[in-house]
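Read through the structure below, which is laid out as structure tokens, and then see the notes.
Convention: sequence-line order gives letters A, B, ...; per-chain numbering from 1.
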Amino acid sequence: MSRYNAKVTEPKWQAEWDQVEAFKAEIDPSREKYYVLEMFPYPSGRIHMGHVRNYTMGDVVARYKSAVGYNVLHPMGWDAFGMPAENAAMGKNVHPADWTYQNIADMRSQLKPMGLSIDWSRELATCDPEYYGQQQAMFIDMMAKDLVYRKNAVVNWDPVDMTVLANEQVEGGRGWRSGALVERKELTQWFFKISDFSEELLAGIDRLDQWPEKVRTMQRNWIGKSQGLQFNFKTTGAPKGFEALEVYTTRPDTLFGASFAAISCDHPLAKSLEANNPEVKAFNEECRQLGTTEEALETAEKRGFDTGITVTHPFNEAWEMPVYIANFILMGYGTGAIFGCPAHDQRDLDFARKYDLVVTPVVCPAEQDPDTFTIGSEAYTGVGNIINSRFLDGLSIDDAMTEVIKRIEAAGTGQAQTNYRLRDWGVSRQRYWGCPIPVVHCDACGVVPEKKENLPIELPKDVTFDRPGNPLDRHEGFLNCECPACGRPAKRETDTMDTFVDSSWYYARFTAPHADTPTVAADAEYWMNVDQYIGGVEHAILHLLYSRFFARAMNITGHLPEAAIEPFNALFTQGMVCHETYKDPDGQWLQPDEIKSVDGGFVTKDGQPVTVGPSIKMSKSKKNVVDPEDIIDQYGADTARWFVMSDSPPERDVEWTASGAEAAWKHLQRIWRLTDEIINADTGDGSADEAMLLKRASHRAIADVTAGVEGFAFNKSVAALYQFTNTLAKSKADAAAKREAMLVMAQLMQPMVPHLAEEVWSTLGGSGLVTQALWPKADPAMLVDDVITMPIQVNGKRRDEIQVAKDATKAEIETLALASATVIRLLDGAEPKKLIVVPGRIINVVI
RNA sequence: GCGGGCGUGGUGGAAUGGUAGACACGCCAGACUUAAAAUCUGUUGGGCGAAUGCCCGUGGGGGUUCAAGUCCCCCCGCCCGCACCA
């Protein structure tokens with residue numbers, strides 16, 4: 001008997017698929033299309049198990065959809081701009097482009113052996129001028145449609161590396177690379193007007209009914225809509241120009257519970273005060289420093305600085321309240337100023353208790369007596385009726401809000417206001433390895449977009465990273481250019497775009513990846529939207545929100561049809577691949593291949609005891625990684641694919657274990673052995689009954705595997721295939737019947753283990769490629785047995801079971817059930833109180 | 001604090017309100033073998049029992065129902081996300 005040799009077989013079938021261009025996607029108006037996309041990888045240089053899981057899932061969907069008749073688009077590309085390339089340039093003295101393209105080549109050669117059904121002719125890399133040139137074209141179009149603007153913004157500035165840092169790159173107030181104290185610096189930056197779309201992006205979430213609820217919630221929270229009132233306090237004692245203080249509140253109903261006003265340390269008024277008051281300055285500085293670390297925020301005590309300024313209550317000329325600068329007010333939200341109502345807001349209460357301010361309850365819960373209701377150390381934020389509030393007394397919270405807004409608007413000192421947390425998207429990066437922003441600064445004409453015929457504005461290759469800062473800033477050839485408007489010498493913009501821009505439209509580019517326009521209408525029309533998008537939940541907010549914005553911007557600029565403004569019809573977020581962690585006696589992490597199993601425990605290769613830690617996401621730092629290349633080398637791609645699809649539901653984390661991988665391999669070998677038996681040894685008895693049993697099992701398997709794939713429960717499809725294999729292995733049917741069954745098996749396992757499926761298929765004489773075979777259909781008649789087993793419950797407890805014909809009537813089933821010896825015994829002569837028969841399901845006798 | 005999710009054998013996990021534990025791993029036993037590996041067969045939630053059987057069992061407590069892992073209420077624990085958002 002021949003052993004299945006994946007090393008030989010897998011490349012053979014991959015070559016075969018290539019030859020017939022099995023996965024090439026072409027527009028065919030006569031067929032319905034299906035677009036499957038997995039989030040494209042960053043070319044770090046090596047694929048990891050997370051990639052294997054992600055791309056296998058997508059491949060199962062793509063192969064299945066293709067088999068049921070769809071015209072499938074399943075592309076692959078590289079999210080190739082970004083900081084690691086520059087870090088490598090600085091650390092290893094290689095050019096970012098060389099580093100990146102080498103990594104892409106390496107990863108492609110690791111990915112191809114997986115046998116994914118990808119149309120490689122559509123491969124793209126975002127760092128390729130062919131790609132980012134089109135991105136520049138769209139940037140110019142977006143400028144024309146007023147979707148882009150420049151403004152001053154405060155950024156985290158690393159004075160040593162001379163670059164802007166993202167918030168995630170600031171650790172404890174210091175730059176993550178240089179260790180230098182990060183400065184807050186105002187720079188002119190480019191922004192996309194995503195906030196214009198706040199309401200639309202929020203409303204659109206309701207229609208994304210094939211997205212995980214979790215992701216939809218996260219996006220809603222991120223957009224952060226709140227409705228309230230924005231109004232002016234009249235100030236006393238404030239510097240010139242601050243006669244009014246504008247505040248924002250979502251609780252206008254509590255206006256009579258106000259006891260102070262507070263502003264952010266970054267509020268213009270606070271800044272004005274600090275100019276000639278060192279005490280204010282010191283306090284403000286302290287607040288700003290505190291703002292950087294997260295734990296500081298969590299534990300920070302509410303603190304304030306009394307400015308001596310007062311404000312007048314809008315409904316009572318005689319009511320004056322102090323104005324504080326407070327450390328818990330954020331300039332970035334609302335107006336950066338509030339009124340404090342301690343009774344009904346915990347932060348305000350903490351603050352009021354510390355500074356001994358009045359706490360007046362104005363909302364009284366229904367079960368409380370308004371005359372005795374007081375606030376202790378906890379603010380009351382629930383519902384109730386308004387008290388202590390003159391004309392609002394007795395109203396509900398909602399009615400009081402409406403009334404206050406009405407009166408404020410009538411007085412002309414404010415208006416109802418909807419605020420969003422979502423802010424405009426700053427896309428400027430002072431970095432080399434990104435898409436150059438295609439504009440020119442001209443002394444005469446100002447900021448001018450580059451002419452489209454001059455695109456792409458390519459990154460110059462001859463740059464050095466021996467000095468900190470953006471190499472583009474000191475590259476004369478790049479810097480000096482002609483003004484596109486007046487033709488005089490001008491300076492090119494040296495900011496490059498945030499890499500999130502690159503990934504915000506690649507799904508659209510895949511529909512016409514090599515066109516000389518960003519998209520082609522006919523292709524976008526046919527292929528968009530992405531029917532199934534698959535990726536990690538870590539992109540639940542930024543990438544997916546930016547993509548939703550970008551699709552709208554592309555529609556406005558004529559690059560995508562209206563129907564594609566929500567580009568991802570269905571989203572699936574897969575779990576991570578985890579592995580146990582190991583440490584040696586010195587507390588050093590150990591790789592799984594550095595240890596060996598010795599009666600139940602583990603020791604190092606030289607016999608040291610090993611401490612086994614919890615199973616966590618595979619990561620280099622914990623060394624709990626298994627390299628897909630090693631697995632493919634040892635067992636073949638099908639084994640890796642089978643393993644990551646089995647056991648755990650796709651949305652949950654899966655734990656990689658050596659024994660699990662072994663088990664997957666054994667199963668595939670077993671399939672091959674059974675195939676071998678079918679062609680070489682007819683061990684069956686040839687009875688029609690046995691053949692029928694096997695046929696039924698086939699249809700059962702078709703139904704179960706299909707349901708599993710359709711429902712994104714690949715683990716259940718795998719289980720159904722195991723079950724079918726067990727049945728087939730034990731079957732006494734003749735070789736012809738087994739061959740039929742095994743051909744069905746090959747079709748059903750094709751999406752998961754395509755190479756073995758092809759080998760089995762061709763060995764048994766299936767016609768053509770199983771990859772191109774039509775998916776089998778389950779015959780409903782084959783799913784029901786002639787005789788079914790029905791459990792009998794007595795008072796809800798299972799006591800017996802009976803065999804009944806599949807078309808037995810209720811009355812017949814009742815008679816049979818009451819004839820059961822167990823039922824008769826338990827009834828003990830009595831009449832059943834009730835008899836419930838659920839045909840095909842269960843019988844319950846109530847005594 | 002807010003939002004979301006989860007809690008089932010030794011383990012990963014199955015179960016349109018209808019036989020809890022499919023399928024897999026692991027363990028144990030047996031067959032084959034000089035032996036091992038591989039393979040095949042069987043057992044495997046707990047308890048009582050010689051046995052037909054019986055009792056208990058899906059984080060805990062209540063409830064709805066002929067019937068609850070599943071639905072409702074309360075509580076406990078774990079995970080993830082966001083967070084001084086006015």
ring-ring contact (aromatic ring centres under 6.0 Å, His included) partners of A:Trp425, counting only residues at least two apart: A:Phe192, A:Tyr546
Should the ring pair A:Tyr248 and A:Tyr333 be called parallel, tilted or perpendicular, given that the plane angle runs from 0 to 90° and is split at 30 and 60? perpendicular
Given B:A86, is OP1 or OP2 found less than 4.0 Å from the side-chain N or O atoms of A:Tyr248? no
Stem ranges for RNA chain B, with three or more consecutive Watson-Crick or G-U pairs under 3.5 Å? B:1-7 with B:76-82, B:10-12 with B:23-25, B:28-31 with B:39-42, B:45-48 with B:53-56, B:59-63 with B:71-75
Close N or O pairs between protein and nucleotides 39-43 of chain B (under 3.5 Å):
from  : atom 1 : to       : atom 2 : distance (Å)
B:U39 : O3'    : A:Arg673 : NH2    : 3.1
B:C40 : OP1    : A:Arg670 : NE     : 3.2
B:C40 : OP1    : A:Arg673 : NH2    : 3.4

Pick out the pairs of N or O atoms, protein on one side and nucleotides 47-54 of chain B on the other, that lie under 3.5 Å.
from  : atom 1 : to       : atom 2 : distance (Å)
B:C54 : OP1    : A:Arg799 : NH1    : 3.2

Run the ring-ring contact (aromatic ring centres under 6.0 Å, His included) test against A:Tyr324 and tell me which residues pass, sequence neighbours left out. A:Phe351, A:Tyr355
Rounded distance in Å - CD1 (A:Ile325) to P (B:A86): 22 Å
Side-chain donor/acceptor pairs under 3.5 Å, residues 651-667 of chain A, sequence neighbours excluded:
from     : atom 1 : to       : atom 2 : distance (Å)
A:Asp653 : OD1    : A:Met576 : N      : 2.8
A:Thr657 : OG1    : A:Gly660 : N      : 3.0
A:Glu662 : OE1    : A:Tyr635 : OH     : 3.0

Report all interatomic pairs (protein N or O, nucleotide N or O of nucleotides 61-69 of chain B) with separations under 3.5 Å.
from  : atom 1 : to       : atom 2 : distance (Å)
B:C66 : O2'    : A:Asn844 : ND2    : 3.0
B:C66 : O2     : A:Asn844 : ND2    : 2.7

Counterpart residues, side-chain contact (heavy atoms from CB on, under 4.5 Å), relative to A:Ser259 (two or more places apart): A:Pro342, A:Leu357, A:Val358
Contacts of A:Phe283 that satisfy ring-ring contact (aromatic ring centres under 6.0 Å, His included) - sequence neighbours left out: A:Phe305
Under 4.0 Å between a side-chain N/O of A:Arg220 and OP1 or OP2 of B:C82, yes or no? no
A:Ile788 CD1 to B:G18 C1', in whole Å, measures 13 Å
Identify, with sequence neighbours excluded, every residue that meets ring-ring contact (aromatic ring centres under 6.0 Å, His included) alongside A:His267. none
Mind running ring-ring contact (aromatic ring centres under 6.0 Å, His included) on A:Phe712 and A:Phe714 for me, showing each step along the way? CA-CA 6 Å; A:Phe712 250 86; A:Phe714 308 118; 5.1 Å; yes
Under the rule for salt bridge (charged side-chain N to carboxylate O under 4.0 Å, His left out), what residues qualify as partners of A:Asp704, not counting sequence neighbours? A:Arg700
Going 5' to 3' through nucleotides 3-15 of chain B and flagging B where a protein heavy-atom sits under 4.0 Å of the base, S where only the sugar-phosphate is that close, and - otherwise, we get SS-------BSSS
